[in-house]
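Below you'll find the structure, written out as structure tokens, and then a few comments.
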Amino acid sequence: MNFKDLLPICLGVLKDWRVIVITVAMIIFISIANYVVKYRKRVKPPKAKKAAVKAQDSGEKKEDAASSSESSEASGKSK
């Protein structure tokens with residue numbers, strides 16, 4: 001069998017509707033599988049109000065820590 005006889009057979013196979021449908025279905029399936037494997041949930045940035053409240057809370061904690069260290073220093077001096 002030479003190339004001239006083989007070419008129409010290859011074109012007939014590639015033009016068959018079943019081959020085309022299965023190829024398109026495989027491409028879609030592989031694309032969806034690739035998306036699922038690489039998907040990562042994005043972390044939403046905190047809103048401005050929540051960030052401001054957290055900053056105030058951390059500021060209060062720092063003030064509490066500073067006042068407790070001052071009281072321990074004062075008690076250490078009195079001994």
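Heavy atoms only: backbone and side chains are in, while hydrogens, waters and symmetry mates are out.
One finds the CD1 atom of I22 at 8.5 Å from the CH2 atom of W17 (value rounded to the nearest 0.5 Å). To the nearest 0.5 Å, the span separating CG on L14 from OG1 on T23 amounts to 8.5 Å.
Taken together through direct or relayed side-chain contacts under 4.5 Å among Ile, Leu, Val, Met, Phe, Trp and Tyr, F3 and L11 form part of one hydrophobic cluster. The same ILVMFWY cluster, assembled from side-chain heavy atoms under 4.5 Å apart, contains both V24 and I32.
The backbone N or O of D5 lies less than 3.5 Å from a partner atom in the side chain of N2, making a donor-acceptor pair.
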